[in-house]
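Structure record follows, encoded as structure tokens.
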Amino acid sequence: MDSFEQRYQESLTRLEQSRRSSEIGGGEKRIEAQHKRGKMTARERIRYLLDPGSFTELDAFVTHDCTEFGMADQTFLGDGVVTGFGTIEGRLIYLFSQDFTVFGGSLSSAFAKKICKVMDLAVKNGAPLIGINDSGGARIQEGVASLGGYADIFYRNVQASGVIPQISVVMGPCAGGAVYSPAMTDFILMVDNSSHMFITGPDVIKTVSGEEISFDDLGGSETHATTSGVIDLRLPSEAEALDSVKSLLRFLPSNNVDDSPELNSSSAEKAAQPEAENKIKSCVPANPNHPYDMKEVIECIVDNNSFFEIKPNYAANICVGFARLDGQSVGIVANNPNHLAGVLDIDSSVKGARFVRFCDAFNIPLITLVDVPGFLPGSNQEHGGIIRHGAKLLYAFCEATVPKLTVITRKAYGGAYDVMSSKHIGADLNLAWPNAEIAVMGAKGACNIIFRKEIKNAADPEAKSAELVEAYSEKFATPYEAAKRGYIDCVIYPEETRSFLIKGLKAAASKRESRPKRKHGNIPL
């Protein structure tokens, strides 16, 4: 064997060894420790998520350049994050997966540059970005270089916002400044028992304030799914979280100029449930004060088993999520009378506004189902800023230029009627069921104000009140006064809702709406 051939064989051996070294991350013992915690490794998560054989890794041989604190003797190929691109159900995506087996997944300058590269490529090539987070935070040995790396990532999160879908999956610790990257992405998923998000941990809180709190109570998946509203979905296992990412992507376009994936017309899923037409007739109780679950109405309207709810355990008085209508991806925003009578409050307004703005950014039509008695009264709401927060939902609907179709199923009272995608703020098709009540307030409350003296001076105030309420309801607590003025386009039977919405979507498919030229609006944050 001559020297050239020997050198060639050595180069092949080196490549094989380098690949093997990068693939085992922090080593077999740390991989075993990861498995004992019930967690996949960074590469196992990628293999589970992507189509088999589709992953192309980038920067597998990158190492940090820190020489302080003995770090020069501690290098791992890849430096704690696996980055690259591949496909999910045939669609191109870019992703990074933090490797907890290497320095606890801590972020170095080199680590950050790898992430920034795939973020830039995702925007350039118009593909969704998925970030799998499992990191102890900044790499302390690198000091400000690590902090600068986070800032570089944050900047790119903002530049990519509204251009490509960004999805974060938290599968371990995510603390300190690290939480702000997921917070600026479009959707966040967490795994029960193994993932945590917080700015300052329990130990720091105890030192500063004396408060004792567990990791789960402070920043676990249940806390963020139900109390803070930070995350969109919590799942019991890593596999189910990754499966949910796949399900979510089916509703989303790859970027802000592409169309959302549409089911083929031959698909069996492109139909409502066979019994839906009969079921929808009885979904809404005749008594306007009785609760019902708006999700049942949604299921009757959309394609079979297609509703994918977002933030299901947070601000449950409003329901948001994706669905398909005749195969087309749509966003659903619906008051839910099963919780707080469907009233709008601070949390539901913010939840709804963010979802509306996402759909508008990615050209996903909005279907709004309305049964709202108004805004929640009370000093807590007023002092908490319900005026400002309620204005977010109003602003979002006013700002949206996608097709907007609205159905009033029962109550639409007061300012909440205006806010919930009314004709006045740009909805393209406004429908109402025959029992819909569109008024400033409920008939009884209105009569107590308008006819206060008449009721007070009546021989039988209770009977007089009932008489006046009946008369008021006949005239004003119906959809016909609004229909007379053109605020409602059609009054329909409940069982006609799906067909009217499908036709409305087709009519608005080529909608064009010009707005005044500006840099951007100033939403009341």
Side-chain angles (χ1 to χ4, degrees), residues 39-59 78 80-100 105 107 111-112 114-135 153-154 156-172 174 178-191 195 197 230-235 237-256 258 260-261 308 310 322 358 361-362:
K39 298 164 66 176
M40 300 183 199
T41 65
R43 292 179 181 279
E44 288 168 344
R45 290 162 178 162
I46 290 173
R47 284 196 291 269
Y48 187 94
L49 181 63
L50 298 185
D51 297 337
S54 71
F55 181 55
T56 298
E57 186 173 357
L58 304 175
D59 295 333
V81 64
V82 184
T83 61
F85 61 91
T87 61
I88 293 178
E89 298 178 349
R91 294 175 62 195
L92 174 67
I93 65 98
Y94 283 81
L95 83 169
F96 63 85
S97 182
Q98 297 172 347
D99 188 351
F100 195 80
L107 184 135
F111 185 128
K114 289 181 64 174
I115 293 177
C116 288
K117 179 188 283 190
V118 294
M119 295 178 81
D120 291 340
L121 288 169
V123 172
K124 183 187 294 186
N125 295 318
L129 175 74
I130 299 170
I132 302 175
N133 296 267
D134 188 1
S135 169
I153 294 169
F154 301 158
R156 284 165 173 79
N157 284 132
V158 175
Q159 303 314 305
S161 182
V163 180
I164 56 170
Q166 300 179 80
I167 301 172
S168 296
V169 192
V170 180
M171 290 189 159
C174 187
V179 299
Y180 285 115
S181 178
M184 288 190 289
T185 61
D186 299 305
F187 300 99
I188 307 175
L189 294 79
M190 288 182 74
V191 179
S195 58
M197 295 179 72
V230 166
I231 69 169
D232 299 281
L233 295 168
R234 58 178 289 218
L235 289 307
S237 71
E238 293 194 359
E240 287 166 288
L242 296 173
D243 286 338
S244 291
V245 171
K246 297 179 186 180
S247 298
L248 176 58
L249 281 170
R250 294 182 189 122
F251 295 100
L252 310 183
S254 292
N255 54 65
N256 62 344
D258 282 359
S260 298
F308 186 89
I310 300 296
F322 299 101
F358 175 85
F362 290 98

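Here the structure is a predicted model, which is why all the values come from computation and not from measurement.
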Distance check, rounded to the nearest 0.5 Å: [X] atom [atom1] versus [Y] atom [atom2]?
{"X": "Ser195", "Y": "Leu235", "atom1": "OG", "atom2": "CG", "result": "9.5 Å"}
{"X": "Leu129", "Y": "Asp186", "atom1": "CG", "atom2": "CG", "result": "10.0 Å"}
{"X": "Leu248", "Y": "Leu189", "atom1": "CG", "atom2": "CG", "result": "7.0 Å"}
{"X": "Ser237", "Y": "Lys39", "atom1": "OG", "atom2": "NZ", "result": "14.0 Å"}
{"X": "Leu49", "Y": "Ile130", "atom1": "CG", "atom2": "CD1", "result": "5.0 Å"}
{"X": "Glu57", "Y": "Thr83", "atom1": "CD", "atom2": "OG1", "result": "6.5 Å"}

| request: Could you list all the side-chain hydrogen bond (donor to acceptor under 3.5 Å, both in side chains) pairs where at least one residue sits in residues 117-133, not counting sequence neighbours? | output: Asp59-Lys117, Tyr94-Asn125, Asp120-Arg156

For [X], give me all partners under side chain to side chain donor-acceptor pair (under 3.5 Å), at least two apart in sequence or on another chain.
{"X": "Glu89", "answer": "Arg250"}
{"X": "Gln98", "answer": "none"}
{"X": "Arg234", "answer": "Asp192"}
{"X": "Ser135", "answer": "none"}

Could you pull out the closest heavy-atom pair between [X] and [Y], with the gap in Å?
{"X": "Pro165", "Y": "Ser254", "result": "CD-O, 3.2 Å"}
{"X": "Phe85", "Y": "Leu58", "result": "CE2-CD2, 4.2 Å"}
{"X": "Pro253", "Y": "Arg91", "result": "C-NH2, 3.3 Å"}
{"X": "Leu233", "Y": "Ser244", "result": "CD1-CB, 4.4 Å"}

| ring-ring contact (aromatic ring centres under 6.0 Å, His included) partners for Phe96, two or more places apart | none

Side chain to side chain contact (heavy atoms under 4.5 Å, CB included) partners for [X], two or more places apart:
{"X": "Asp232", "value": "Phe187, Ile188, Ile310, Lys311"}
{"X": "Asn157", "value": "Met119, Ile153, Phe154, Gln166, Ser181, Met184, Thr185"}
{"X": "Ala361", "value": "none"}
{"X": "Ala178", "value": "Tyr150, Cys174"}

| message | Has Lys114 got a side-chain atom pairing as donor or acceptor with Val81's backbone, closer than 3.5 angstrom? | response | yes

| request: Would you check if the side chain of Ser54 reaches a backbone N or O of Gly86 as a donor-acceptor pair within less than 3.5 Å? | output: no

I'd like to check [X] versus [Y] (side-chain heavy atoms, cut-off strictly below 4.5 Å). Are they in contact?
{"X": "Leu252", "Y": "Pro128", "value": "no"}
{"X": "Ile231", "Y": "Val170", "value": "no"}
{"X": "Val179", "Y": "Val230", "value": "no"}

| Under 6.0 Å from the CZ atom of Phe55, do we count more than 12 heavy atoms belonging to anything else shown? | yes

| query | salt bridge (Lys or Arg N to Asp or Glu O under 4.0 Å): which pairs involve residues 45-56, sequence neighbours left out? | reply | Arg45-Asp134, Arg45-Glu238

